[in-house]
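Positions are given from 1, in the same order as the sequence printed here. The shown structure was predicted, so the numbers you read here are calculated from the model rather than taken from an experiment.
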Amino acid sequence: MKKLAALAAIFVLTLLVGCGNSADNNNTAGTNTPANNGNASNATAAPDAVTSASVVDNGEDFKKAISKEGTWIAATLKDLTFTEDLVVEGEFSNKGEPARKIALYTQDADHNITNSFRLTAPKITIKSENTQIQGGTFVGDVYVQANGFKVVNATIEGNVYFSDDKYQATYSASDQGKVTGVTEVKK
């Protein structure tokens, strides 16, 4: 148990250092910004929230981390299995850009992956812009309803369906990202 706690602490510190503030990132981790209710004078809406990582080891905390009230990174410390569908939603940012990450791995201080995990659910729907699944395996089908979905150094054991051609046009699989099933538009 002490090893798991130490590993979790290293992981959280690495995420916070790696994703922390820099000269080009003026966001404050852990600070929520109010939603743009259409009263802004510019055409670009501000994200609903700017938050730090959520490192979890159980299903309820994971579901909260990917919800509208969650965090921009939802990282798991073990395999998780769900019998119900999952939804990634809400507007979050990293370095001033819309972003969501499902981190299915732990890493060391040098950002080397030390352990990869499996997330299993019948279906996961992606409603947050620039969501990426990274470093592990998702078992189930992915339904994408937002721009910028990425599979980074991860595997989707299932299909990836896009609700519109415009979402598929912004899709990317990089650094050994792969999908075992079909990747297509399904309206």
Could you tell me the separation between the [atom1] atom of [X] and the [atom2] atom of [Y], rounded to the nearest 0.5 Å?
X: K187; Y: F162; atom1: NZ; atom2: CZ; value: 13.0 Å
X: D61; Y: T76; atom1: CG; atom2: OG1; value: 10.0 Å
X: D164; Y: N147; atom1: CG; atom2: CG; value: 9.0 Å
X: T183; Y: Q168; atom1: OG1; atom2: CD; value: 7.5 Å
X: Q132; Y: N153; atom1: CD; atom2: CG; value: 10.5 Å
X: I133; Y: K101; atom1: CD1; atom2: NZ; value: 12.5 Å

Closest approach of [X] and [Y], non-hydrogen atoms and distance?
X: K123; Y: F138; result: C-CZ, 4.3 Å
X: F92; Y: E69; result: CZ-C, 4.5 Å
X: R118; Y: D79; result: N-OD1, 2.8 Å
X: G59; Y: L80; result: N-CD2, 4.0 Å
X: L104; Y: T137; result: CD1-O, 3.6 Å
X: V87; Y: K127; result: CG1-CD, 3.9 Å

Q: Take V56 and L77, measure what side-chain contact (heavy atoms from CB on, under 4.5 Å) needs, and give me the verdict at the end.
A: CA-CA 6 Å; V56 301; L77 295 172; over 6 Å; no
Should [X] and [Y] be counted in the same cluster of Ile, Leu, Val, Met, Phe, Trp and Tyr side chains packed under 4.5 Å apart?
X: V182; Y: V144; value: no
X: L119; Y: I156; value: yes
X: I102; Y: Y105; value: no
X: Y167; Y: I124; value: yes

Please check if the side chain of [X] supplies one atom and the backbone of [Y] the other of a donor-acceptor pair under 3.5 Å.
X: T120; Y: V139; result: no
X: S54; Y: A65; result: no
X: D110; Y: N112; result: no
X: S93; Y: P98; result: no
X: D141; Y: N159; result: yes

Q: Please determine, by modelled atom types, if T106 and T114 share a side-chain donor-acceptor pair under 3.5 angstrom.
A: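 T106 vs T114: donor-acceptor pair found between side chains.
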Q: Answer yes if the side chains of T131 and R100 hold a donor-acceptor pair under 3.5 Å, and no otherwise.
A: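 Checked: T131/R100 side chains show no N/O donor-acceptor pair below 3.5 Å.
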Q.
Between K63 and E84 (salt bridge meaning N to carboxylate O under 4.0 Å), is one present in this structure?
A.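 E84 and K63: salt-bridged.
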Q.
According to ring-ring contact (aromatic ring centres under 6.0 Å, His included), who are the partners of F117, at least two apart in sequence or on a separate chain?
A.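 By the ring-ring contact (aromatic ring centres under 6.0 Å, His included) rule, F117 matches no residue at all.
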**Q.** Trace of the side-chain contact (heavy atoms from CB on, under 4.5 Å) decision for L86 with I66
**A.** CA-CA 8 Å; L86 300 173; I66 64 172; 4.0 Å; yes
Q | Full working for side-chain contact (heavy atoms from CB on, under 4.5 Å) between F82 and F62 | A | CA-CA 10 Å; F82 296 88; F62 183 82; 3.9 Å; yes
Q. According to the interplanar angle, ranging from 0 to 90°, do the rings of F149 and Y171 count as parallel (below 30°), tilted (30 to 60°) or perpendicular (above 60°)?
A.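 Correct class here is parallel.
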